[in-house]
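This report concerns only the one structure given below.
Ligands are counted one by one from 1 in listed order, and the atoms in each one are counted from 1 as well. Numbers here simply count residues along the sequence, with the first being 1.
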Amino acid sequence: MAEFAKDFHLSDTTGHDWWHVFRVWNLSKHIAKQENADCLVVELAALLHDMDDHKIPGADAINFPNARKTMLNLSADSSLVERVVEVISQVSFKGAGVDTTPTSLEACVVQDADRLDAIGAIGVARAFAYGGSKNRELYNPEVKPTLHASFEEYKNSKGNTLNHFYEKLLLLKDMLNTDTARKIAEQRNDYMQQFVEQFLEEWNMRDVEHR
Ligand code: ADP
Ligand code: NI
């Protein structure tokens, strides 16, 4: 399955490259072990979780055709396919005001792993890589962050990348499901918070004035 996922994501520029999937797979395995989740379901869902993301051209986040096709090609039985699709359908962040609480331990694990990879130093790098691919400004002090109340609003937002930290990334640590992930998130979140503070210090030349 990892080989299939690797081929699928190899040339992605939407923040869903293979190495993101690889890191989420490894984080998922770690959390699943600590939390006693079903490792087979967790690993498959982690490997397939972004194949039907709304940002991937031709993907469909209602029926999950790419994830289904990949599992059926490897002769997974249909009850396993349904369990994995159920998990994948609960992973994605849909806006600050949209409830995405998972209904199974396995979905809790993969959602946490995906969110851990969106924060910290890697989270900072991914956000600016994504913003760059969409020609977004790094920051624009005239545009205030919005806490999106619906998935439509969140998907269609064209804000600058620094706003994404307030609209999603800095909120994630309080939206995690497992103690294992909450512990890992502490340092990653502190680092990201510090990055945003330093960015604004430099933007406003406060670091210059203090010398
Ligand atoms: P994930 O794969 O973690 O579910 P998304 O599909 O929401 O995340 O987005 C992929 C990556 O791109 C993430 O690191 C996310 O934070 C980043 N990203 C998504 N939307 C934006 C945005 N508007 N500005 C900057 N980065 C974004
Ligand atoms: Ni992801």
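- Of the listed residues (His54, His16, Arg136, Gln111), the one carrying the non-hydrogen atom nearest atom 23 (N) of ligand 1 is Arg136.
- Distances below 4.0 Å separate heavy atoms of Arg126 from the following atoms of ligand 1: 2 (O), 3 (O), 10 (C), 11 (C), 13 (C), 14 (O).
- Counting the atoms of ligand 1 from 1 in the order shown, those under 4.0 Å from a heavy atom of Leu169 are 16 (O).
- For His9 and Asp50, the side-chain atoms include no donor-acceptor pair closer than 3.5 Å.
- Looking at residues two or more places apart in sequence or on another chain, you find no ring pair (Phe, Tyr, Trp, His ring centres under 6.0 Å) involving Phe4.
- Distances from atom 3 (O) of ligand 1 to the heavy atoms of Asn163, Leu172, Asp114 put Asp114 nearest.
- Counting the atoms of ligand 1 from 1 in the order shown, those under 4.0 Å from a heavy atom of Asp50 are 2 (O).
- Only the side chain of Asp53 comes within 4.0 Å of ligand 1, counting heavy atoms alone; its backbone N, CA, C and O stay farther away.
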Problem - Test log, rule side chain to side chain donor-acceptor pair (under 3.5 Å), inputs His54 and Asp60 - result: CA-CA 6 Å; His54 68 94; Asp60 162 9; over 6 Å; no
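- Taking a cut-off of under 4.0 Å to the non-hydrogen atoms of Lys168, the atoms of ligand 1 that pass are 5 (P), 7 (O), 8 (O), 15 (C), 16 (O).
- Here Asp50 meets the criterion, with an N, O or S atom under 2.8 Å of the Ni ion (ligand 2).
- The N, O or S atom of His49 lying closest to the Ni ion (ligand 2) is NE2.
- Every residue two or more places apart in sequence or in another chain that forms a side chain to side chain donor-acceptor pair (under 3.5 Å) with Glu202 is listed here: Gln198.
- Using a 4.0 Å cutoff on heavy atoms, Lys134 does not count as a contact of ligand 1.
- Within Asp114, the N, O or S atom at minimum distance from the Ni ion (ligand 2) carries the name OD1.
- A donor-acceptor pair under 3.5 Å is formed between the side chain of Asn156 and the backbone N or O of Glu152.
- An N or O contact shorter than 3.5 Å links His164 to ligand 1 by distance.
- Counting heavy atoms closer than 4.0 Å to ligand 1, residue His20 contributes side-chain atoms (C-beta onward) but none from N, CA, C or O.
- Using a distance-only test at 3.5 Å, with no hydrogens or angles considered, no donor-acceptor pair links the side chain of Glu106 to the main chain of Val41.
- The distance from atom CD of Gln111 to atom NE2 of His49, rounded to the nearest 0.5 Å, is 11.0 Å.
- Rounding to the nearest 0.5 Å places CG of Asp17 at 9.5 Å from CG of Leu10.
- Within the 2.8 Å limit, Asp53 places no N, O or S atom next to the Ni ion (ligand 2).
- Asp112 has no carboxylate O lying under 4.0 Å from a charged side-chain N of Arg115, or vice versa, which leaves the two without a salt bridge.
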